[in-house]
Amino acid sequence: MDGTTNAGASGADRYPPAANTLGPRASLVMSLVLGLLLGALSLLVMLPAAQHLRSLQDGERAQATLHTAGSCMAGHCQVKFEADGRTVIADLPVGSGGGKQSVGASLVVRYEADDPQVAAREEDVGGGGAAVLAALAGAAALFFLAVAAVAGIFLARRPRSEA
């Protein structure tokens with residue numbers, strides 16, 4: 001506006017890249033770590049949780065109330081029910097649903113006849129919620145491992161003078 005020209009003022013090649021951008025090595029390491037952690041979550045936590053829930057399909061059936069509410073998917077809920085004439089308070093296993101229910105809510109549980117402390121909500125004994133989370137974590141792990149592979153290929157093909 002003052003009559004001077006700004007030739008080249010907005011040129012992208014004028015400024016060096018920002019110092020806080022991640023390089024391909026950092027991307028490779030972060031992708032590998034995330035992929036391995038998500039894979040471990042899927043294989044070591046959620047798949048066994050789904051299998052455990054399925055193992056209770058033929059368990060004894062009882063009417064229960066939610067004793068302690070919390071993050072049921074993470075295994076922080078408890079139910080209270082009668083088994084063989086005694087009151088049992090059992091932890092719901094990892095992968096359970098029902099986290100939005102309030103304390104005192106009525107639900108049906110399945111439990112092992114010889115150990116009533118091992119119980120799960122009847123709606124969960126198909127293993128559905130835990131199996132879905134295992135699949136999602138596994139898919140995310142594959143994605144991050146693929147990103148790590150691409151970053152590794154990029155690093156291998158890069159001229160040594162840039163490294």
Side-chain angles (χ1 to χ4, degrees), residues 1-57 66-79 89-103 105 107 109-112 115 117-163:
M1 305 250 170
D2 60 359
T4 60
T5 61
N6 290 330
S10 64
D13 60 339
R14 214 171 140 180
Y15 300 101
N20 60 357
T21 60
L22 292 178
R25 282 192 183 104
S27 172
L28 173 69
V29 170
M30 285 178 34
S31 295
L32 276 174
V33 168
L34 282 172
L36 293 174
L37 285 175
L38 287 168
L41 172 69
S42 178
L43 293 174
L44 301 176
V45 177
M46 297 316 295
L47 277 180
Q51 291 170 345
H52 171 67
L53 288 169
R54 277 191 227 106
S55 74
L56 292 170
Q57 283 179 333
L66 190 62
H67 184 291
T68 306
S71 176
C72 293
M73 188 58 74
H76 295 289
C77 288
Q78 291 181 323
V79 291
I89 298 175
D91 294 325
L92 290 178
V94 171
S96 298
K100 296 191 190 277
Q101 293 178 327
S102 59
V103 172
L107 57 133
V109 294
R110 294 277 182 167
Y111 66 92
E112 289 184 0
D115 186 7
Q117 291 290 324
V118 180
R121 288 181 346 131
E122 189 171 51
E123 294 88 11
D124 296 331
V125 296
V132 168
L133 281 178
L136 288 174
L142 290 176
F143 170 75
F144 283 110
L145 292 174
V147 168
V150 169
I153 291 169
F154 178 76
L155 274 174
R157 299 183 89 195
R158 198 163 80 167
R160 295 289 176 210
S161 62
E162 291 181 36

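Model, not experiment: these values are computed from the prediction.
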Would you please name every residue forming a side chain to side chain contact (heavy atoms under 4.5 Å, CB included) with Val125, sequence neighbours left out?
Leu56, Gln57, Arg110, Ala120
Answer whether the closest heavy-atom distance between the side chains of Leu66 and Val79 falls below 4.5 Å.
yes
Let me have the donor-acceptor pairs involving side chains of residues 35-52, under 3.5 Å, with sequence neighbours excluded, atom names and distances please.
from: Ser42; atom 1: OG; to: Ala134; atom 2: O; distance (Å): 2.7

Heavy atoms of Pro93 and Leu53 approach each other most closely as CG-CD2, 3.5 Å
Residues at least two apart in sequence or cross-chain that pass side chain to side chain contact (heavy atoms under 4.5 Å, CB included) with Leu34, listed by chain then number, are Phe144
Contacts of Thr68 that satisfy side-chain hydrogen bond (donor to acceptor under 3.5 Å, both in side chains) - sequence neighbours left out
Gln78
Taken to the nearest 0.5 Å, the spacing of Leu107 CG from Leu92 CG works out to 7.0 Å
So, using side chain to side chain contact (heavy atoms under 4.5 Å, CB included) as the criterion, who are the partners of Leu142 when residues are at least two apart?
none
